[in-house]
Amino acid sequence: MNLIETSDLTKYDRSIEEVDHIVKKRDSVSALAKAYGSTQMQIQQWNGLVDLNLIKVNQRLRVI
């Protein structure tokens, strides 16, 4: 803890904010992963998707 304080390492802390995306026609999990810097597996896990090909227009997906 002392090292963190003396080196002012807390300036590198950042909070990760969750981001949702509303699915539009022609969206795909792979394209969303690429656009948001996530992975298909992360998006699948965050949203409880069984099949990556079964997303629907207007569905809200956590992408970050």
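This is a predicted model, so every value here is computed, not measured.
Within the 4.5 Å cutoff, no side-chain heavy atoms of V23 are placed close to those of K56. The shortest distance between side-chain heavy atoms of I55 and V29 falls below 4.5 Å. Between Q40 and L52 there is a side-chain heavy-atom pair separated by less than 4.5 Å.
Although no hydrogens or angles enter the test, the distance criterion places no donor-acceptor pair under 3.5 Å between the side chain of R26 and the main chain of S28.
Listed here is the closest heavy atom pair of V57 and K24: CG2-C, 4.2 Å.
Counting only residues at least two apart or in different chains, ring-ring contact (aromatic ring centres under 6.0 Å, His included) contacts with residues 45-64 are absent. For residues 21-40, the set of pairs meeting the ring-ring contact (aromatic ring centres under 6.0 Å, His included) definition, not counting sequence neighbours, comprises H21-Y36.
One finds the CD atom of Q45 at 7.5 Å from the OG1 atom of T39 (value rounded to the nearest 0.5 Å). One finds the OG atom of S38 at 5.0 Å from the CD1 atom of I43 (value rounded to the nearest 0.5 Å).
Partners of R60 by salt bridge (Lys or Arg N to Asp or Glu O under 4.0 Å), not counting sequence neighbours, listed by chain and number: D20.
M41 and L49 end up in different hydrophobic clusters when Ile, Leu, Val, Met, Phe, Trp and Tyr side chains are linked at under 4.5 Å.
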